[in-house]
2 protein chains.
Amino acid sequence: MEEEKQHLNAYLKQHGLKKSVQRERILEVFLDIENHLTAEELLEHVKKKYPEIGYSTVYRSLNLMVKAGLAKVVDIGDGSARFEHAFRHGEHDHLICERCGNLIEFKDPRCKPIIDEVAEQKKFVVKRHRLDIFGICNDCIDKTEEE
Amino acid sequence: MEEEKQHLNAYLKQHGLKKSVQRERILEVFLDIENHLTAEELLEHVKKKYPEIGYSTVYRSLNLMVKAGLAKVVDIGDGSARFEHAFRHGEHDHLICERCGNLIEFKDPRCKPIIDEVAEQKKFVVKRHRLDIFGICNDCIDKTEEE
DNA sequence: CTCATTGCAAAGCCTTTGCATGGAG
DNA sequence: CTCCATGCAAAGGCTTTGCAATGAG
């Protein structure tokens, strides 16, 4: 938490930007939640603790955090961007439940080499990748069976 | 082309929907273009040949084609959905150039087994996946070097 | 005849932006 | 003091929807 705040402050200083209570508070709320939240969901949580913070500040802070490397956008294609922690969190991919919308993270060491090889073949310089597996998560399967 | 039309008509009949000139024409234009187009880009092409067709019809037909399995949505995260041919086109993934926005398709047989195994471990039922590799395509690298 | 489709304009949804006020450096 | 940040409301970009008129089955 402290480390993230320092990281943010360093970023702000480096870019001639200024600290603010709002930014710090939004970061705190964001870090407190381990889920992949939409901006609106984060906004709700922020409003609960700090009702005076406006929604554009949340959007702006979120974008800032992405630029600063503290957050990452996850786009599951439902219209709203989700945000996940990016600081000291390793690379990973997602299982996305089409029923409940939940995201499960996973890592598999075999992916990267394949990606690099494919790119090599196409003479493509890889910056990043995303592997999303869509389907139904275990919880939702159980629920279906109970019916 | 004829096969796709038949497929569409079969879908329409099956669902109590009706044929229309517009739908057929939009499908034709769509099939004529091998690129991954946004709705707006497709609309432009449609308008060139058939100026009387409205944009909402293009959107609606595109959605219809997706449901009918003739088109697939590709979301590269820039705000606009792109559409690719899905009928008699095998599964594949994408290299996405962050500079020119071009999509390069690729297939690698090693992906699926990994995905299935990961899902198995997490007791997740896979419906589909998407592997997108973002970076700079060969053309754009060449352009950079020329400068 | 009945019900789906069309084209237009309007609305929806998420996100960004303009502007005046307030605050950090 | 100088700019940046904030909060509000307004605008933006893409897509969907309501509605009256048209057209397919």
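A note on names: the letters A, B, ... follow the listed sequences, proteins ahead of strands, and every chain is numbered from 1. Atom set for the values below is all heavy atoms of this structure, side chains included, hydrogens, waters and symmetry mates excluded.
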note = Ranking D/dC14, C/dT6, D/dG7 by distance to the side chain of B/Tyr59, first place goes to D/dC14
note = Against the side chain of A/Leu17, the closest entry in D/dA5, C/dG25, C/dT6 is D/dA5
query = Under 3.5 Å, is there a donor-acceptor pair linking the side chains of A/His7 and A/Glu2?
reply = no
key: Distance in angstrom units between B/Tyr50 OH and C/dG7 P, rounded   = 13 Å
ask   = Just how far, in rounded Å, is P of C/dC8 from NZ of B/Lys47?
value = 6 Å
ask   = Starting at the 5' end of DNA chain D and moving along, which residue's nearest nucleotide shows up first, B/Lys19 or B/Thr38?
value = B/Thr38
query = B/Leu43 has an atom CG; how far is it from atom P of D/dC14, in whole Å?
reply = 12 Å
ask   = Do A/His129 and A/Asp93 have a side chain donor and acceptor closer than 3.5 Å?
value = yes
message = Taking the ring centre of each residue, are B/Phe30 and B/His85 less than 6.0 Å apart?
response = yes
query = Rounded to the nearest Å, what distance is computed from the OH atom of residue B/Tyr11 to the P atom of nucleotide C/dT5?
reply = 10 Å
ask   = Think B/Asn63 has a side-chain N or O under 4.0 angstrom from the OP1 or OP2 of D/dT16?
value = yes
From C/dG7, D/dG7, C/dT2, nucleotide with atom closest to B/Lys18 side chain = C/dT2
inquiry  = Any base atoms under 4.0 Å from B/Arg23, or only sugar-phosphate, or nothing? Heavy atoms, all strands.
reply    = sugar-phosphate
remark   = B/Arg82 atom CZ is separated from D/dC14 atom P, nearest whole Å, by 10 Å
query = Which of these nucleotides, C/dC8, D/dC8, D/dT16, is closest to any side-chain atom of B/Ser56?
reply = C/dC8
request  = To the nearest Å, give me how far apart CZ (B/Arg60) and P (C/dC8) are.
outcome  = 11 Å
query = For C/dG23, does OP1 or OP2 lie under 4.0 Å from any side-chain N or O of A/Gln22?
reply = no
Minimum heavy-atom distance between A/Lys72 and A/Ala86, given as atom pair plus value = N-CB, 3.9 Å
query = Can you tell me how far P of D/dC4 sits from CG of A/Asn9, to the nearest Å?
reply = 18 Å
Below 4.0 Å: OP1/OP2 of C/dG7 and any side-chain N or O of B/Thr57 = yes
ask   = Could you give the distance from CG (A/Leu62) to OG1 (A/Thr38), rounded to the nearest 0.5 Å?
value = 9.0 Å
message = What's the closest nucleotide to the side chain of A/Ala39 if the choices are D/dT15, C/dT15, C/dT16?
response = C/dT15
request  = Taking only the side-chain nitrogens and oxygens of B/Ser80, find out if one of them lies under 4.0 Å from OP1 or OP2 of D/dC14.
outcome  = yes
Value in whole Å for how far the C1' atom of D/dC4 lies from NZ of A/Lys67 = 13 Å
remark   = Residue pair B/Val21/A/Tyr55 against DNA chain D: nearer the 5' end by closest nucleotide is A/Tyr55
